[in-house]
Amino acid sequence: MTILFYILAGLALISAIAVISFRQPVYSALSLVVTLFSLAGLYLTLHAEFLAIIQILTYAGAILILFVFIIMLLNLNDDELKEQTPALWRRIVLALLGGFTFAGLWWGVSKFEGDVKNLPQGFGSIINSGKLLFTEYVLAFEIAGILLTVALIGALVLAKRRLKI
Amino acid sequence: MLTMSLKIIIPFVLILQILPIFIWMERKGASYIQDRRGPNRANIFGIRLGGLVHTLPDVIKLIFKEDIIPTRANRFIYTIAPFISMAVACMTFAVIPWAAPLALEKGSFALQALEMNVGILYIFAIASIGVYGVMLAGWGSNNKYSLLGGLRASSQMISYELTLSLSIVGVLILSGSLELGAIVESQSSNLFSWNFIRQPLGCLLFIVAAVAETNRTPFDLPEAEAELVAGYHTEYSSLKFALFYMAEYVNMIVASALMATLFFGGWQVPFLTTDLLREHAGIIIHYSLLGMGAMALLGSIPLFLYKSRVHYGDARDTETKKLSVILFIVGIALLAWRAASGELFFEGLAAQIAAAALQVGIFIGKILFFCWFFVWVRWTLPRFRYDQLMQLGWKAMLPLALLNLFVTAGVYLLL
Amino acid sequence: MSLAHYLTLAIALFTIGLIGVVLRRNLLVAFMSIELMLNGVNLSFIAFSRYLGDMQGQMAAFFIVILAAAEAAVGLAIIVLLFRRQGSVQSNLFQNLKDRIEV
């Protein structure tokens, strides 16, 4: 279990760094897919089967596909992908920002000491998730449905080519 | 560990054995529908088996072709795309049950590689990754036809995935589980309670969406040869092309297996429950072997008398004679063996394994039937136009799938 | 594995995402970095859910995934629109609203 965690965590970290360092967005998107897959594996070690599948189905299978689709649609050439390297002071500020964020969050988080609880039968299974979603979270679920519909219509309205009159 | 790896390897090998049969079915089916003879040249010592042997030279040809990578292509993405396609296609098999679970002393032993409570969602999750293979192939080849094919393929697959997953929700409501083993179990061995009777609309939508999902005619716009040369695999050759080709067929076998599992009772033998099969496994196997022997014997006679109008002047001329002799020997051997030993009788684990073998046989038969269905549809219907395809997907099939869901849920609630 | 391990990984992902958003000029990659941040948060939700023995955290993660889907649809539509305007997806080109008085 421990070795599995370190493999998956290492994979997630390396690919996450790859996401922000590739110049070519297709490579970034593919690295993000690797991150998502290793996170799905980590969810499985945390007894979240349903979430692991949702992660692959929705994130890797729909959202990232949309990204790659848009990248292909725009078909950017190398000139458009050039980015000037940030100035030194910017890099220092950035490193400080990252460092402070990490240190601050870690300081906040390190106080939590979770012990391994005995989980009830079917923890994280699709049946229990479904029951929770349709009882306690039914309002949030409906609102999420409306949100998706609104997003769909919004995307259509935004991206639709207007007719020239 | 050993049983687990066996569970993973056996279905995989089984699928790769169905593959050449399917490809043969496609070539031969296509030629008979188009009123021609199809592959009939390749032979081993004159034996052609109706063109089945052609698969071998096909593979050899693909292996020895030059592996071309276009200069301006993105090497990494171009190379990795076919591997993604093939790997994804093979992974989906893990959750498909092949026979009724065996009841061992230690507990029940499911004849499927992966028993997950998310079951069918796993297949959709993995299948949605398959889009990457096609998209990256289209983008990585740096060819406008490939790019167009890739874009078309991905938008088509995303659109029809919705219908595909919505059309089975009715089945999920009826069986109350996402686990494919439980879905098959809930259909029982009664032919009239299989899901294609209880969910006719869902079944129809699923089949159409599955054909669209596998990019086959009438939905083969991603590789429409009249418009796009060959779509996303225009630039591919040699084994990389072979991987795409195999992935397409494996995808179709998966779709066939899913159709059989979800709507046509999976491994259930019509009107014969698992218990009944286990009880009478010996008798059933005895008589089916006897029947096969008799059929081989009877079949060898017209084969021996058959005279071809074509004269090749080589070993192929005597093919029917050789085959009839082999069939005759097999038939005699089977009959003699069965008659000598009397009725078979299995009990305990042996009976269970015998019953499982029968169920696997029936399941493979169903898969092959739906494979043939794919071939049949492909060579019968003309291709859609792109706007028609999208209109069908979004304006006809999606609302119908939703309607099916609402009606099923309503009826289920009332009953 | 203890909770702290998972949370550390989650924080690391969040920080990498944050740096990506600030550093990268390519809107698409910046957007992917936001997805990274969301995933970091998701991981922490699920880790807490495991170690508190409560499924509420998983539900929160589920809604975050839905949110990400909606966000991606609208965000990518906006990126396509911007690309049509300027022919580029570099964020520093979009300065139409910048105050130019002192120039």
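Per chain, numbering begins at 1; letters A, B, ... match sequence-line order.
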> Quick one: are the ring centres of A:Tyr43 and A:Phe50 less than 6.0 Å apart?
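No.
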> Only one of B:Leu262, B:Val184, B:Ile183 passes side chain to side chain contact (heavy atoms under 4.5 Å, CB included) with B:Ser175; say which it is.
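Only match with B:Ser175 under side chain to side chain contact (heavy atoms under 4.5 Å, CB included): B:Ile183.
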> Consider side chain to side chain contact (heavy atoms under 4.5 Å, CB included). Of B:Leu403, B:Thr163, B:Leu205, which one does B:Leu398 pass it with?
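Only one option passes, and that is B:Thr163.
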> Looking at A:Val26, A:Val33, A:Thr58, which makes the most heavy-atom pairs under 4.5 Å with chain B?
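Looking at each of A:Val26, A:Val33, A:Thr58 in turn, A:Val26 comes out on top.
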> With a 4.5 angstrom heavy-atom cut-off, could you sort out which part of A:Gln55 is near chain B: side chain, backbone, both or neither?
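For A:Gln55, neither part sits under 4.5 Å from chain B.
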> Calculate, to the nearest 0.5 Å, the distance between atoms CG and OG belonging to B:Asn195 and B:Ser186 respectively.
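So the CG of B:Asn195 and the OG of B:Ser186 are separated by 6.0 Å.
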> At a heavy-atom separation under 4.5 Å, does B:Ile158 approach chain A through its side chain, its backbone, both, or neither?
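Answer is side chain: those atoms of B:Ile158 sit under 4.5 Å from chain A.
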> Please flag which part of B:Leu178 lies under 4.5 Å from any non-hydrogen atom of chain A: side chain, backbone, both or neither.
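The side chain, not the backbone.
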> Checking heavy atoms, do the side chain of B:Ser155, its backbone, both or neither come under 4.5 Å from chain A?
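For B:Ser155, the contact with chain A is made by backbone and side chain together.
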> Heavy atoms only, distances under 4.5 angstrom: which of A:Ile126, A:Ile127, A:Ile65, A:Leu57 has the most pairs with chain B? Name it, please.
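The residue among A:Ile126, A:Ile127, A:Ile65, A:Leu57 with the greatest pair count is A:Ile65.
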> Check A:Glu136 with A:Lys131, please: is the shortest side-chain N to carboxylate O separation under 4.0 Å?
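Looking at A:Lys131 and A:Glu136, the cut-off is not met.
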> Heavy-atom count check: over 12 atoms from other residues, nucleotides or ligands less than 6.0 Å from A:Tyr27 OH?
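For A:Tyr27, atom OH is crowded (more than 12 foreign heavy atoms under 6.0 Å).
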> With a 4.5 angstrom heavy-atom cut-off, is it the side chain or the backbone of A:Leu30 that approaches chain B, or both, or neither?
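Contact with chain B is through the side chain of A:Leu30 alone.
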